[in-house]
*Asks:* 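Sharing a structure, written as structure tokens. Questions coming.
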Amino acid sequence: MAEIEYVRGDATAPHGKGVKILAHVCNDLGGWGKGFVLGLSRRWPEPEAAYRRWHRERARNDFGLGAVQFVRVGPYLWVANMIGQRGMRRGSKGVPVRYEAIDTALGSLAAKAAEAGASVHMPRIGCGLAGGRWSRVEPLIERRLTARGISVTVYDHAG
């Protein structure tokens, strides 16, 4: 079993050699404009454009909680847009994070990483604007990814 490696740095500049998948959590409303996605969009236009198209065409595709969209941004680098939060605001229904959806998405991510021989890189998914707790997300990553021998690096932004 692999272990999660924690590093200080920018997840949009993943470390290491070989094929890498940069995973992050998106909402189910088609909104892209706050948090980690700003850094992604500064580096590559493709993940945002693909996510917006995926949402726009949702009547004809799998867009929804638990779904994952893989967007190639380089010869050895993919971005995984994972739908893991319902809405964008904290309110009477609590925080937007949906752990079950993140778990489902991580299952798809594991299959893609295994098939591509890729390592997985991410910020503390679901714990920023989505309002989740890392103590709930980390065991999902361990069960879905590291237990399968997939190398995972989690980036804590230096600053």
Side-chain angles (χ1 to χ4, degrees), residues 1-6 11-12 14 20-41 44 46-73 77-116 118-157:
M1 181 166 126
E3 286 193 10
I4 299 173
E5 179 185 0
Y6 291 90
T12 68
K20 297 185 255 328
I21 301 173
L22 175 52
H24 71 109
V25 167
C26 302
N27 64 67
D28 65 349
L29 295 179
W32 182 292
K34 286 187 173 162
F36 182 72
V37 298
L38 295 177
L40 276 178
S41 291
W44 309 283
E46 299 91 348
E48 177 180 359
Y51 169 79
R52 290 188 184 280
R53 186 170 47 254
W54 189 29
H55 176 262
R56 203 171 41 250
E57 298 170 0
R58 66 192 176 280
R60 298 183 303 280
N61 64 39
D62 66 344
F63 185 94
L65 286 171
V68 185
Q69 178 188 52
F70 296 96
V71 183
R72 190 176 208 144
V73 295
L77 183 60
W78 296 80
V79 171
N81 292 331
M82 305 189 304
I83 310 299
Q85 71 179 74
R86 161 106 40 224
M88 293 182 274
R89 293 192 175 26
R90 298 170 194 230
S92 59
K93 297 204 179 2
V95 295
V97 70
R98 292 295 178 266
Y99 298 109
E100 316 74 41
I102 290 174
D103 187 47
T104 300
L106 288 171
S108 300
L109 175 60
K112 176 77 169 180
E115 173 193 314
S119 56
V120 173
H121 303 259
M122 63 181 69
R124 291 188 186 237
I125 58 170
C127 297
L129 297 171
R133 292 197 322 270
W134 189 247
S135 62
R136 295 271 314 268
V137 175
E138 185 183 49
L140 304 177
I141 294 166
E142 289 170 341
R143 190 174 80 234
R144 293 291 193 164
L145 298 168
T146 59
R148 292 185 62 178
I150 296 165
S151 169
V152 176
T153 305
V154 172
Y155 296 76
D156 287 315
H157 208 70

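This chain uses plain numbering: 1 for the first residue, then up along the sequence.
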*Asks:* Look at the side chain of Gln85 and the backbone N and O of Gly87, then say whether any donor-acceptor pair between them is shorter than 3.5 Å.
*Replies:*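 Between the backbone of Gly87 and the side chain of Gln85 there is a qualifying donor-acceptor contact (under 3.5 Å).
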*Asks:* I'd like to know if the side chain of Glu142 reaches the main chain of Ala147, judged simply by a donor and an acceptor atom lying under 3.5 Å from each other, with no hydrogens or angles considered.
*Replies:*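 Not at all, since once roles are kept as given, no pair shorter than 3.5 Å links the two residues.
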*Asks:* Taking side chain as C-beta onward, heavy atoms only, is Tyr155 less than 4.5 Å from Pro123?
*Replies:*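 Tyr155 does not reach Pro123 side chain to side chain.
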*Asks:* Any non-hydrogen side-chain atom of Met122 less than 4.5 Å from a side-chain atom of Val152?
*Replies:*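 In contact.
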*Asks:* So, for Leu129 and Gly35, which heavy atoms are closest and what is the spacing to 0.1 Å?
*Replies:*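 That closest heavy-atom pairing would be CD1-N, 3.6 Å.
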*Asks:* Can you name the closest pair of heavy atoms from Ala23 and Ile125 and give their distance?
*Replies:*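 Answer, listing the atom of Ala23 first, then Ile125: O-CG2, 3.7 Å.
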*Asks:* For Glu57, is there an ion pair with Arg53 - N to carboxylate O distance below 4.0 angstrom?
*Replies:*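 A salt bridge is absent here (no side-chain N lies under 4.0 Å from a carboxylate O).
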*Asks:* Determine whether Ser41 and Glu48 make a side-chain contact, defined as any pair of heavy atoms from C-beta on separated by less than 4.5 Å.
*Replies:*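 Yes, their side chains come closer than 4.5 Å.
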*Asks:* Is it true that Asp28 and Arg98 have a side-chain N and a carboxylate O under 4.0 angstrom from each other?
*Replies:*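 Not counted as a salt bridge, because no side-chain N and carboxylate O are separated by less than 4.0 Å.
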*Asks:* For the residue pair His24 and Trp32, categorise the inter-ring angle as parallel (less than 30°), tilted (30 to 60°) or perpendicular (more than 60°).
*Replies:*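 His24 vs Trp32 ring planes: perpendicular.
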*Asks:* Assess, by modelled atom type and distance only, whether the side chains of Trp54 and Asp62 contain a donor and an acceptor separated by less than 3.5 Å.
*Replies:*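 Distance-only check passes for Trp54 and Asp62.
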*Asks:* For the residue pair Val97 and Ile102, establish whether any side-chain heavy-atom pair is separated by less than 4.5 Å.
*Replies:*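 In short, these two side chains touch, coming nearer than 4.5 Å.
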*Asks:* Can you give me the closest heavy-atom contact between Gln69 and Ala50, atom names plus distance?
*Replies:*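 It is NE2-O, 3.0 Å.
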*Asks:* Does Trp78 have Lys20 sitting over its ring (NZ/CZ under 6.0 Å from centre, angle to axis within 45°)?
*Replies:*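 So Lys20 doesn't make the cation-pi contact.
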*Asks:* Where is the tightest heavy-atom contact between Pro96 and Ala130, given as atom of each residue plus distance?
*Replies:*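 Nearest heavy atoms, Pro96 then Ala130: CD-O, 3.1 Å.
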*Asks:* Distance check, rounded to the nearest 0.5 Å: Glu100 atom CD versus Leu140 atom CG?
*Replies:*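 Reported value, rounded in 0.5 Å steps: 9.0 Å.
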*Asks:* Say whether, by atom type as modelled, one donor and one acceptor occur between the side chain of His55 and the main chain of Phe63 under 3.5 angstrom.
*Replies:*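 Not at all, since once roles are kept as given, no pair shorter than 3.5 Å links the two residues.
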*Asks:* Would you call Ser119 and Ile150 a side-chain contact if the rule is heavy atoms closer than 4.5 Å?
*Replies:*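 Answer no - side chains too far apart.
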*Asks:* Is the backbone of Asn81 close enough, under 3.5 Å, to the side chain of Tyr51 for a donor and an acceptor to pair up by distance?
*Replies:*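 No, Tyr51 side chain to Asn81 backbone: no donor-acceptor pair under 3.5 Å.
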*Asks:* Using side-chain heavy atoms (C-beta onward) and a distance below 4.5 Å, is Ile4 in contact with Ile141?
*Replies:*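 In contact.
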*Asks:* Within the distance-only criterion (no hydrogens, no angle test), does the side chain of Arg124 pair as donor or acceptor with the backbone N or O of Val137 below 3.5 angstrom?
*Replies:*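 Judged by distance alone, no pair lies under 3.5 Å.
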*Asks:* Within the 4.5 Å heavy-atom criterion, are Trp44 and Leu22 side-chain neighbours or not?
*Replies:*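 Side chain of Trp44 against side chain of Leu22, heavy atoms only: contact under 4.5 Å found.
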*Asks:* Can you name the nearest heavy-atom pair linking Ala67 to Ala105, along with the distance?
*Replies:*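 Nearest heavy atoms, Ala67 then Ala105: O-CB, 4.3 Å.
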*Asks:* Can you name the closest pair of heavy atoms from Gly31 and Met88 and give their distance?
*Replies:*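 Scanning both residues completely, I find the closest heavy atoms to be CA-SD, 4.1 Å.
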*Asks:* Can you tell me how far CE of Met82 sits from OG of Ser108, rounded to the nearest 0.5 angstrom?
*Replies:*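 If I round to the nearest 0.5 Å, the distance is 9.5 Å.
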*Asks:* How many angstroms lie between CZ in Arg144 and CG in Leu109, if you round to the nearest 0.5 Å?
*Replies:*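 One gets 10.5 Å once the value is rounded to the nearest 0.5 Å.
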*Asks:* Between the side chain of Asp103 and the main-chain N/O of Tyr99, is any donor-acceptor distance below 3.5 Å?
*Replies:*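 It does not hold such a pair.
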*Asks:* So Ile83 and Asn27, do their side chains get closer than 4.5 Å, heavy atoms only?
*Replies:*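 Counting from C-beta outward, Asn27 and Ile83 never come under 4.5 Å.
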